[in-house]
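Comments concern the structure below.
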Amino acid sequence: DIRYRRQSARGLALLDSAVARYPLDSLAPLDRNYAPLAYLYALGGRPSRARALLADVREYERAPGATRGGLGLRDEGTYLRALGATELAEGKRNDAVGTLRRSVQLYYCPTCTLPDLALAYELTGAPDSAIAVYQRYVTTPWSEWQNALGDSRVPAYQRLGALHEARGDTAAAIAAYRQVTTLWAQADAELQPLAADAQRHASTLGAGRATAMRSAVR
């Protein structure tokens, strides 16, 4: 709801209901997933709730034990990703760039924070850096399937298309938009308009490029 459908209110309501049904303080500290929850609340536009959850990370980070993969509650890369998303939601864009760059360095997942960092670069007026980071995201393989496929893969190609189009790199923009239409060819009906919009952009740019090439030949 929050990431794909742009229905933050519905997504936040679902999060709230889940936390109400399973209160965090009723779970063992290492099962509470504070930072991922904070990240989603930040994406949904509720940074104050995200800040409260991140404070809980710091309060309980010395809890004994480990999660799957040997991580304790203090997983600095995940924490910094959520903090960076929170800073973006608060309008602290330059702070977010620094925080998210540190997350990329420290996160056990080599790709997870990259879309957030690319967005931060966009919002601070650094499109070339955003393009480089989005491109790194869509081309960096990783063994865990959900991140190898990439939960932000299509949005990343959408942004690459728009950024390349804005800078006049028609070929690269067309290639990115076509990735959107290919990857979401079988998307849910409610997401098909996004794939169709990418197809329209690719077709329009392609027609313009063909016209320009014919004019150059003449």
Side-chain angles (χ1 to χ4, degrees), residues 1-126 129-130 133-134 137 142 144 146-147 150-152 155-156:
D1 287 334
I2 292 171
R3 186 189 296 277
Y4 297 115
R5 299 187 179 101
R6 300 293 187 265
Q7 296 182 9
S8 293
R10 190 166 77 176
L12 291 170
L14 182 60
L15 280 178
D16 287 340
S17 67
V19 174
R21 184 176 181 183
Y22 302 102
L24 292 172
D25 60 9
S26 71
L27 305 174
L30 290 175
D31 291 335
R32 293 178 190 175
N33 284 330
Y34 288 120
L37 278 173
Y39 176 73
L40 287 174
Y41 275 111
L43 289 188
R46 202 185 293 171
S48 59
R49 175 62 171 143
R51 284 278 181 187
L53 288 164
L54 290 173
D56 287 336
V57 173
R58 289 308 192 217
E59 181 178 352
Y60 292 103
E61 65 188 0
R62 297 188 185 280
T67 61
R68 181 178 61 84
L71 298 171
L73 188 61
R74 181 174 183 136
D75 169 12
E76 198 67 6
T78 304
Y79 174 87
L80 289 170
R81 184 192 188 197
L83 176 59
T86 301
E87 290 168 339
L88 281 181
E90 293 170 337
K92 301 173 182 177
R93 297 169 178 177
N94 291 319
D95 290 343
V97 168
T99 299
L100 293 167
R101 288 179 66 180
R102 286 187 288 127
S103 175
V104 171
Q105 294 170 346
L106 296 174
Y107 206 161
Y108 69 91
C109 167
T111 60
C112 295
T113 301
L114 293 177
D116 305 286
L117 177 58
L119 174 60
Y121 278 132
E122 281 197 73
L123 294 175
T124 53
S129 295
V133 175
Y134 280 127
Y137 174 72
W142 195 41
E144 292 199 18
Q146 69 269 32
N147 296 298
D151 61 359
S152 293

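Around the CZ atom of Arg51, the shell of radius 6.0 Å holds more than 12 heavy atoms that belong to other residues, nucleotides or ligands.
Contact annotation: the side chain of Tyr107 never approaches that of Leu80 to less than 4.5 Å [non-hydrogen atoms, C-beta and beyond].
Here Glu87 contributes atom CD and Asp95 contributes atom CG; the two are 5.0 Å apart, rounded to the nearest 0.5 Å. Residue Leu83 holds its CG atom at 12.5 Å from OG1 of Thr78, rounded to the nearest 0.5 Å. The distance from the SG atom of Cys109 to the CG atom of Leu114 is 8.0 Å, given to the nearest 0.5 Å. The line from OG1 of Thr113 to CZ of Arg102 is 11.5 Å long, rounded to the nearest 0.5 Å.
Taking every heavy atom of both residues into account, Ala156 and Tyr137 meet most closely at CB-CD2, 3.9 Å. Val57 and Ala35 get closest at one heavy-atom pair: CG2-N, 4.0 Å. When all heavy atoms are compared, the tightest approach of Ala130 to Glu122 is CB-CG, 3.5 Å. Contact between Leu88 and Leu100 at its shortest, heavy atoms only, is CD1-CD1, 4.4 Å.
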Enumerate donor-acceptor pairs with a distance under 3.5 Å from any side-chain N or O in residues 37-49 to protein atoms, sequence neighbours excluded.
unit_1 : atom_1 : unit_2 : atom_2 : d
Tyr39  : OH     : Arg81  : NH2    : 3.0
Tyr39  : OH     : Asp116 : OD1    : 2.7
Tyr39  : OH     : Asp116 : OD2    : 3.2
Tyr41  : OH     : Asp16  : OD1    : 2.7
Arg46  : NH1    : Asp16  : OD1    : 3.1
Arg46  : NH1    : Asp16  : OD2    : 3.1
Arg46  : NH2    : Asp16  : OD2    : 3.2

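Formation of a donor-acceptor pair under 3.5 Å by the Thr124 side chain with backbone atoms of Ala120 is found in this model. A distance-only check finds a donor-acceptor pair linking the side chain of Arg32 to the backbone of Leu24 [under 3.5 Å].
When only modelled atom types and interatomic distance are considered, Glu59 and Tyr34 share no side-chain donor-acceptor pair under 3.5 Å.
Every residue meeting the side-chain hydrogen bond (donor to acceptor under 3.5 Å, both in side chains) condition with Asp1, not counting sequence neighbours, appears here in chain and number order: Arg5, Arg10.
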